[in-house]
Amino acid sequence: MLVRSRSSRALIWLIFLLVVGVLIVAPIAVTAITAFADSWTSVLPTAWTTAQVSDVLSAENAESVAVSVQTAIIASAIAVAVGTWAALAVRKAPPRLRSLLDAAYHLPVAVPSVVIGLAVLIAFSRPPIVLNGTASIVILVQALLVLSFAFSIVSAAAKSLDPALDQVAGSLGASGARILLRVTLPLLAPAIAAAAGLSLALCMGELGATIMVYPGSWRTLPVTIFTQSDRGELFTAAANTLLLVLVTVVILGVLGRVRSRAQVR
């Protein structure tokens with residue numbers, strides 16, 4: 001039995017490593033190689049260059065990076081704030097209404113992102129609210145797309161909270177606002193942080209809806225990558241993709257560090 005158990009564990013780890021290698025490591029490795037390739041006519045590049053990597057540091061490209069970071073931070077913050085509020089509201093709602101609200105907040109992830117993009121573009125291209133041609137419409141679209149994920153993560157954590165905690169705090173004279181700030185939100189802090197990290201990562205790479213609504217003055221890095229690949233500039237697109245991965249990892253690392261310090265305090 002012990003031998004079988006070890007064999008099963010080894011097989012599971014082997015499958016896990018294969019899946020990670022094929023689906024995650026290999027694509028990133030190929031992208032990194034392509035970023036430094038000058039020509040590729042064989043199994044491996046036949047010539048190498050750093051021209052593409054230098055191009056991604058240009059002022060125009062730096063502007064796309066800044067736009068992506070700003071959009072991701074603002075959109076994910078909005079999504080997490082609304083998702084947390086919604087999760088807490090749904091938690092206190094009657095059972096029938098709870099199911100309806102839960103389905104409604106999961107709707108953005110149930111339809112293609114281009115549908116969300118087109119719907120927002122149509123809805124906000126005429127008075128009374130005109131967002132077409134502004135940065136706000138890109139932020140709104142991305143916030144809507146990641147709202148479902150933020151809501152889902154926080155909602156799952158909120159459902160696991162013991163209702164007796166609120167009752168005990170209330171019996172001791174704590175107001176609703178004090179219970180929320182001193183009891184509920186601290187208990188939900190890990191879930192909120194996880195929702196923020198996932199939302200931010202998804203916003204950084206969002207393309208489907210963004211390309212439907214973005215103005216020329218607010219071009220995110222994924223849109224730049226798509227434009228370059230569409231023109232056949234695959235090596236430059238690969239360099240920008242590598243940059244996108246690095247920037248996303250750095251942001252998530254900073255967010256994780258801030259979360260760790262907050263938990264220690």
Side-chain angles (χ1 to χ4, degrees), residues 24 67-93 97-113 115-117 120 135-163 165-166 176-210 220-222 244-265:
I24 299 177
V67 166
S68 290
V69 172
Q70 293 175 65
T71 302
I73 291 176
I74 298 173
S76 59
I78 293 172
V80 171
V82 175
T84 300
W85 170 82
L88 294 174
V90 170
R91 175 174 171 244
K92 298 293 183 67
L97 182 59
R98 190 182 309 161
S99 300
L100 181 62
L101 291 173
D102 190 76
Y105 280 106
H106 282 98
L107 186 60
V109 78
V111 297
S113 59
V115 174
I116 300 293
V120 170
S136 299
I137 196 169
V138 180
I139 294 171
L140 175 61
V141 161
Q142 294 198 5
L144 285 174
L145 288 173
V146 299
L147 174 61
S148 299
F149 297 98
F151 169 78
S152 182
I153 293 173
V154 180
S155 179
K159 289 177 182 177
S160 66
L161 295 180
D162 189 350
L165 294 173
D166 293 351
R178 189 174 180 84
I179 294 172
L180 176 65
L181 296 176
R182 300 298 296 273
V183 178
T184 306
L185 289 181
L187 291 174
L188 292 177
I192 293 173
L198 177 60
S199 299
L200 205 150
L202 291 173
C203 287
M204 284 296 296
E206 209 292 312
L207 174 65
T210 303
T220 62
L221 191 54
L244 177 63
V245 172
L246 292 175
V247 171
T248 304
V249 169
V250 169
I251 293 176
L252 292 179
V254 172
L255 182 62
R257 193 172 184 83
V258 171
R259 181 177 61 182
S260 299
R261 288 185 176 181
Q263 289 175 348
V264 170
R265 292 178 183 177

* Decide side-chain contact (heavy atoms from CB on, under 4.5 Å) for Val154 and Leu188; before the verdict, give the C-alpha distance in whole Å, the side-chain angles of both, and the deciding distance to 0.1 Å. => CA-CA 7 Å; Val154 180; Leu188 292 177; 4.3 Å; yes
* Asked: Measuring from Leu207:CG to Gln142:CD, what's the distance to the nearest 0.5 Å?
  -> 10.0 Å
* Counting only N and O atoms by type, is there a donor-acceptor contact under 3.5 Å from the side chain of Ser152 to the main-chain atoms of Ser148? -> no
* Minimum heavy-atom separation for Ala72 to Met204, with atom names? -> CB-SD, 3.6 Å
* Asked: Once the angle between the rings of Phe151 and Tyr105 is folded into 0 to 90°, is it parallel (under 30°), tilted (30 to 60°) or perpendicular (over 60°)?
  -> parallel
* Looking only at heavy atoms, what is the nearest atom pair of His106 and Val109, with distance? -> O-CG1, 3.1 Å
* Asked: Is there a donor-acceptor contact under 3.5 Å from the side chain of Ser76 to the main chain of Ile73?
  -> yes
* Asked: Taking all non-hydrogen atoms of both residues, which atom of Ile192 and which atom of Leu185 are closest, and how far apart?
  -> CD1-CD2, 4.2 Å
* To do: Give, for atom CD1 of Ile139 and atom CD1 of Ile74, the distance between the pair rounded to the nearest 0.5 Å.
  => 4.0 Å
* To do: Measure the CG-CD1 distance between Leu140 and Ile116 for me, rounded to the nearest 0.5 Å.
  => 10.0 Å
* Asked: Rounded to the nearest 0.5 Å, what separation is found between the CG atom of Leu255 and the CG atom of Leu200?
  -> 7.0 Å
* Drop me the distance from Ser160's OG to Arg91's CZ, to the nearest 0.5 angstrom. => 8.5 Å
* Structure fact -> Closest non-hydrogen contact found for Pro186 with Leu180 is CD-O, 4.1 Å
* Specify the closest pair of heavy atoms between Ser113 and Ala209, including all atoms of both residues, with the distance to one decimal. => O-CB, 3.2 Å
* Structure fact -> Closest non-hydrogen contact found for Val80 with Ala150 is CA-CB, 4.0 Å
* State whether the side chain of Thr71 and the backbone N or O of Ser68 hold a donor-acceptor pair below 3.5 Å, judged by distance alone. => no
* To do: Enter the distance from Leu202:CG to Leu145:CG here, rounded to the nearest 0.5 Å.
  => 9.0 Å
